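Predicted model, so just to flag it, every value in this text is computed and none were measured. Count residues from 1 along the sequence. Atoms within a ligand are numbered from 1 in the order they appear, just like the ligands themselves.
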Amino acid sequence: MLTEMTSQSWGMAPSTHTPLGQPLEWDTPMYKLAVGQLDAAAQVMNLQPNIWHRMRTPQRALLVSFPFRRDDYDTVETVFGYRVMHMNTMGPGKGGIRYAANVDLGEVTALAMWMTWKCAVMKLPFSGAKGGLRIDPTHLSAAELQRLTRRFTAEIIDVIGPEMDIPAPDLGTNEQVMAWIMDTYSAQKGHAVPGVVTGKPIEIGGSLGRKEATGRGVVTCMLEALRMIDLDVAGTTVAVQGFGNVGSVSARLAARAGAKVVAVSDVHSGIYNPGGLSLPDVEAWVAEHRWLEGYPHADPISNTEILELLVDVLIPAAVENQITAENAPHVKARLIVEGANGPTTMEADEILASNDVLVVPDVVANAGGVTVSYFEWLQSRQQFMWSEDEVNSQLERLMKEAFASVAATSKERGVSLRMAALILGITRVAEAKRRRGVFP
Ligand code: NAD
């Protein structure tokens with residue numbers, strides 16, 4: 001049942017302020033993007049205002065600051081960390097932890113909100129959560145990274161756990177970081193608790209196929225979307241921004257599916273070969289030299305040029321806010337598959353739509369990671385191992401189902417794939433909220 005909006009409702013207030021006009025603590029560009037998307041979907045869906053308003057702010061946001069000792073022993077820095085639970089309606093919190101120099105509460109809150117819609121679109125029994133540490137990990141020694149991770153885990157230990165909130169890797173973190181979180185948590189509990197994190201190494205209960213899962217999901221979506229626009233994958237040209245976990249696996253699997261990956265980039269620079277890159281060769285170069293720079297069998301290309309290359313498919317797989325009102329008119333790809341979270345602004349979305357560029361949004365395109373995290377969590381709790389084939393085939397099945405329901409909603413309602421995915425995710429969460437009611 002719909003209730004009337006009042007003059008104090010969110011619909012009448014600036015979008016990142018409370019109904020009474022006070023600014024919100026997490027009001028940053030990335031939060032504005034996530035809330036702007038929610039608001040737009042809420043209007044299209046005619047969402048009940050009570051529920052809409054509840055969805056705009058996180059249920060719990062933990063901000064910690066703690067001392068971090070550098071290897072020289074005398075230097076002790078204060079580091080800021082966050083763990084946000086968007087809402088606990090659908091089950092335990094689920095979402096990655098990112099380490100990056102500019103992480104803030106707004107960014108982590110936006111990412112937690114996207115996790116809510118993502119889990120709901122995939123029908124996973126999780127609520128959206130996310131964490132972050134404001135530090136650049138690329139300048140840390142392994143010992144520093146370990147100390148930092150263990151102290152951060154100790155600071156957030158009261159709000160994480162296999163039944164409460166389960167972190168995973170994200171930008172700047174990896175399976176080793178997850179292993180340290182699991183070990184620190186387990187030491188406090190007095191027994192091994194593998195279900196406290198996902199994306200951990202196989203040796204301590206990680207899942208086969210988890211490391212590749214996000215990229216595998218991106219490529220599954222790419223293949224489904226190519227079918228929608230009648231493009232054959234054989235010979236389709238692809239550019240990938242970001243060559244970390246998501247970008248490198250997306251590039252490798254796109255090439256394996258028959259596409260021609262012509263350009264990839266990392267935080268420093270990119271490489272371009274119109275004849276197609278040999279991905280095993282590029283990965284071997286990065287394993288040895290860490291960065292793409294200097295790779296001999298391609299031309300250098302900048303991180304901004306890669307977005308405007310003449311290719312069929314663009315996969316942004318680095319950071320947010322990359323395709324904006326400024327560069328969207330120059331995007332030549334026919335299809336964008338969002339490996340990263342929040343790479344496209346709302347203004348850019350409109351420009352891309354008017355230029356007939358199809359965008360597969362992050363909440364579906366990069367959902368492969370959390371889907372296999374769900375499989376890993378199940379395996380950890382049941383102390384049971386799935387085979388890699390089983391993981392990959394269940395992942396592919398769920399990704400195809402989710403893509404098909406998003407595409408069907410898009411067609412039925414005449415809206416973009418992003419709007420369709422948001423409508424699907426938000427509807428499922430709203431329905432669950434209605435069923436659970438309000439306490440007390
Ligand atoms: P990663 O740290 O493994 O790799 C990030 C890559 O992006 C690196 O190549 C880095 O050099 C590059 N990069 C960093 N900053 C950049 C910048 N300003 N411009 C261009 N390139 C830059 O991280 P990841 O796990 O691959 O995550 C990448 C994106 O995918 C993030 O938006 C993350 O939230 C999203 N994502 C990751 C997962 C996962 O399972 N890891 C799941 C869903 C979504």
Side-chain angles (χ1 to χ4, degrees), residues 30 33-34 94-103 107-108 110-115 117-119 121-122 128 130-133 136-138 145 167-178 197-200 206-207 209-218 221 239-252 263-271 282-283 285-287 289-293 301-307 315-324 327 337-344 361-374 376 395 399:
M30 206 156 153
L33 173 61
K94 191 84 198 75
I97 291 183
R98 62 170 49 179
Y99 291 179
N102 51 359
V103 165
E107 176 172 333
V108 177
L111 290 161
M113 191 183 288
W114 285 323
M115 284 304 295
W117 316 142
K118 198 177 298 182
C119 291
V121 168
M122 297 307 297
K130 206 80 180 190
L133 265 193
D136 179 356
T138 58
L145 192 60
D170 193 72
L171 201 71
T173 57
N174 56 22
E175 59 176 26
Q176 180 57 68
V177 170
M178 294 307 114
V197 287
T198 58
K200 57 192 172 288
S207 176
R210 171 61 183 89
K211 213 183 324 175
E212 298 78 20
T214 307
R216 190 175 294 280
V218 166
C221 285
V240 183
Q241 187 199 42
F243 203 66
N245 174 295
V246 180
S248 64
V249 176
S250 299
R252 189 198 315 153
V264 296
S265 69
D266 61 29
V267 66
H268 298 300
S269 60
I271 55 173
V282 177
E283 289 192 73
W285 171 270
V286 170
H289 301 89
R290 188 163 186 191
W291 307 112
L292 292 162
E293 202 168 6
I301 184 173
S302 78
N303 239 318
T304 44
E305 286 168 333
I306 200 168
L307 300 173
I315 302 180
V319 288
E320 61 282 354
N321 200 27
Q322 294 300 295
I323 305 170
T324 62
N327 61 10
V337 188
E338 294 184 334
N341 283 306
T344 312
D362 45 11
V363 290
V364 197
N366 68 30
V370 70
T371 303
V372 176
S373 273
Y374 168 58
E376 180 177 331
L395 168 64
M399 290 300 304

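- Ranking the protein heavy atoms by distance from atom 5 (C) of ligand 1 puts Leu171 CD1, 3.7 Å first.
- Inclusion of Val319 in the set of residues having an N or O under 3.5 Å from an N or O of ligand 1 is not warranted.
- Scanning the protein for heavy atoms near atom 37 (C) of ligand 1, the closest one is Val246 CG2, 3.4 Å.
- For the atom pair CG (Leu33) and CH2 (Trp114), the distance works out to 4.5 Å, reported to the nearest 0.5 Å.
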Is there a salt bridge (Lys or Arg N to Asp or Glu O under 4.0 Å) between Arg210 and Glu175 once you walk through the steps?
CA-CA 10 Å; Arg210 171 61 183 89; Glu175 59 176 26; over 6 Å; no
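- Contacts with ligand 1 closer than 4.0 Å are made by side-chain heavy atoms of Arg210 only, the backbone lying farther away.
- Of the protein's non-hydrogen atoms, the one nearest atom 9 (O) of ligand 1 is Phe243 N, 2.9 Å.
- Of all protein heavy atoms, the one closest to atom 8 (C) of ligand 1 is Gly244 N, 3.7 Å.
- Ligand 1 has no atom lying under 4.0 Å from any heavy atom of Arg290.
- Using 4.0 Å as the threshold, Arg98 has a heavy atom nearer than that to some atom of ligand 1.
- With Gln322 contributing its side chain and Glu320 its backbone, the two residues share a donor-acceptor pair below 3.5 Å.
- Geometrically, ligand 1 and Asn341 share a nitrogen or oxygen pair separated by less than 3.5 Å.
- Among protein heavy atoms, the minimum distance from atom 20 (C) of ligand 1 is reached at Asn303 ND2, 3.2 Å.
- The proximity of Val267 to ligand 1, defined as any non-hydrogen pair under 4.0 Å, involves the side chain as well as the backbone.
- Of all heavy-atom pairs between Val337 and Ala365, the closest is CG1-CB, 3.8 Å.
- Ranking protein heavy atoms by distance to atom 30 (O) of ligand 1, first place goes to Gly339 O, 3.4 Å.
- Of all atoms in ligand 1, listed by their number and element, those nearer than 4.0 Å to a heavy atom of Gly172 are 2 (O).
- The nearest protein atom to atom 39 (C) of ligand 1, hydrogens excluded, is given as Thr214 OG1, 3.5 Å; this is a heavy-atom distance.
- Here's the thing with Ala317: none of its N/O atoms is less than 3.5 angstrom from an N/O atom of ligand 1.
- At the shortest separation from atom 29 (C) of ligand 1 among protein heavy atoms lies Ala318 O, 3.2 Å.
- Checked by distance only, ligand 1 and Asn245 come closer than 3.5 Å through their nitrogen or oxygen atoms.
- Taking every heavy atom of both residues into account, Ser248 and Phe243 meet most closely at CA-CE1, 3.6 Å.
- Considering both main-chain and side-chain atoms, Asp170 comes within under 3.5 Å of ligand 1 through a nitrogen or oxygen pair.
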Glu107 vs Lys130, salt bridge (Lys or Arg N to Asp or Glu O under 4.0 Å): CA-CA, chis, key distance, verdict:
CA-CA 9 Å; Glu107 176 172 333; Lys130 206 80 180 190; over 6 Å; no
